[in-house]
Number of protein chains: 2
Amino acid sequence: MAVSDKAIGTSVTDKYDIGEAMCPYRLVLEHVTSRWGVLVLIELLERPYRFSELRRAIGRVSEKMLTQTLQTLERDGFVHRDAKPVIPPRVDYSLTDLGREAAEQVKALAIWTSERMADVDKSRRAYDEARALKARA
Amino acid sequence: MAVSDKAIGTSVTDKYDIGEAMCPYRLVLEHVTSRWGVLVLIELLERPYRFSELRRAIGRVSEKMLTQTLQTLERDGFVHRDAKPVIPPRVDYSLTDLGREAAEQVKALAIWTSERMADVDKSRRAYDEARALKARA
DNA sequence: CGGGATCCGTAAAGATACTG
DNA sequence: CAGTATCTTTACGGATCCCG
């Protein structure tokens, strides 16, 4: 184990019956929408990256989490890992066709979200203010 | 606190500079793509739900997590909460316009993912098999 | 019925040191 | 350089009890 988490075990359920039990596709969805998964996919949408290069580009990600994220995405077939047997080691990461499709959707969601931040902030302030009033009861 | 997690603190960064530091929109993205957030949004895309009704529809979600998820989504302005002051209490949840936009994107991603599960499974088997070979070294 | 508050176990996240 | 191994810390998520 190590890479696969507790991902195995579930398997069937044909159609996408949103909700109800833990359907396997939900795990994949969590992989691509995970904290670092999102950033990795979006970054790789630009061009291939080497490990450390990707680490710097994302910033604030530990080696462990980046490794783990990349392995998960590679296993799911979203990321291609190209390790050259040279010294010092050189490993390039890039998106597969499948990964590119995923990355584009994720990026669209990310962009939509950042565009709507003003609305969200406004809503939050209203919410917090309403709460503050109630607190003075 | 209670609802906002550690959500506050960050605030600026104008453009969506993917990566680099913890930009605030990333938190929103995590809210809508969270384990229960995804399911709540997709369920509510169909019609409004009452609390317990939603709980049954999703299945396998604790009251605590559903409450927490709904509050977060309400605060962000994705979900509208309509509490009628009757006994027994009745609370209806529905999507706001903003929430509907988010839900549609999330659902699209969910559907795409479930449609690609065959590719993902195939990739996983290949990956695991390759690993199994190396393990016998 | 729809939560709020609290406690608790587990499992991820993070930092660090080590290796081919 | 690109990881792996190990340890510590954090927070997620569930169970329980209570209240309007």
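Per chain, numbering begins at 1; letters A, B, ... match sequence-line order. Quick caveat, the model's predicted, so the values are computed rather than measured.
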To the nearest Å, give me how far apart CG (A/Leu70) and P (C/dA13) are.
14 Å
A/Lys64, nearest nucleotide to its side chain (from C/dC1, D/dG3, C/dG14):
C/dG14
Under a 4.0 Å heavy-atom cut-off, which of residues 77-89 of chain B touch DNA chain C?
B/Arg81, B/Pro88, B/Pro89
C/dG2 OP1/OP2 closer than 4.0 Å to side-chain N/O of B/Ser52:
yes
C/dG4 phosphate, OP1 or OP2, under 4.0 Å from B/Gln68 side-chain N/O
no
Under-4.0 Å salt bridge between B/Lys107 and B/Glu46:
yes
Carboxylate-amine/guanidinium contact B/Arg90 B/Asp82, below 4.0 Å:
no
Looking at D/dC1, I'd like to know if its phosphate oxygens (OP1 or OP2) sit under 4.0 Å from a side-chain N or O belonging to A/Arg50.
no
Can a donor-acceptor pair be found, under 3.5 Å and without considering hydrogens, that links the side chain of A/Arg81 to the backbone of A/Val91?
no
A/Asp92 CG to D/dG3 C1': how many Å, rounded?
15 Å
Closest heavy-atom pair and its distance - B/Ala103, B/Leu41:
CB-O, 3.7 Å
So, is B/Tyr93 near the phosphate of C/dG3, with a side-chain N or O under 4.0 Å from OP1 or OP2?
yes
Measure from the side-chain N and O atoms of A/Thr113 to the backbone N and O of B/Leu29, and report whether any donor-acceptor pair falls under 3.5 Å.
no
Looking at A/Tyr49, I'd like to know if the NZ or CZ of A/Arg47 sits under 6.0 Å from its six-membered ring centre while staying within 45 degrees of the ring's axis.
yes
Checking C/dA15, D/dT4, C/dG2 against the side chain of A/Ser62 (C-beta onward), the nearest is C/dA15
Looking at A/Val38, A/Leu109, A/Val106, A/Val32, which hits side chain to side chain contact (heavy atoms under 4.5 Å, CB included) with B/Thr33?
A/Leu109
Taking five pairs at each terminus, the helix from C/dC1-D/dG20 to C/dG20-D/dC1 shows an axis bend, to 10°, of 50°
Mind calculating the distance between CE (A/Met65) and P (C/dA11) to the nearest angstrom?
15 Å
Nucleotide of C/dG14, C/dG4, C/dG3 approaching A/Arg131 most closely (side-chain heavy atoms):
C/dG4
When you check the phosphate oxygens OP1 and OP2 of C/dA12, does a side-chain N or O of A/Trp36 lie under 4.0 Å from one of them?
no
Give a yes/no on whether any side-chain N or O of A/Arg35 is located under 4.0 angstrom from OP1 or OP2 of C/dA13.
no
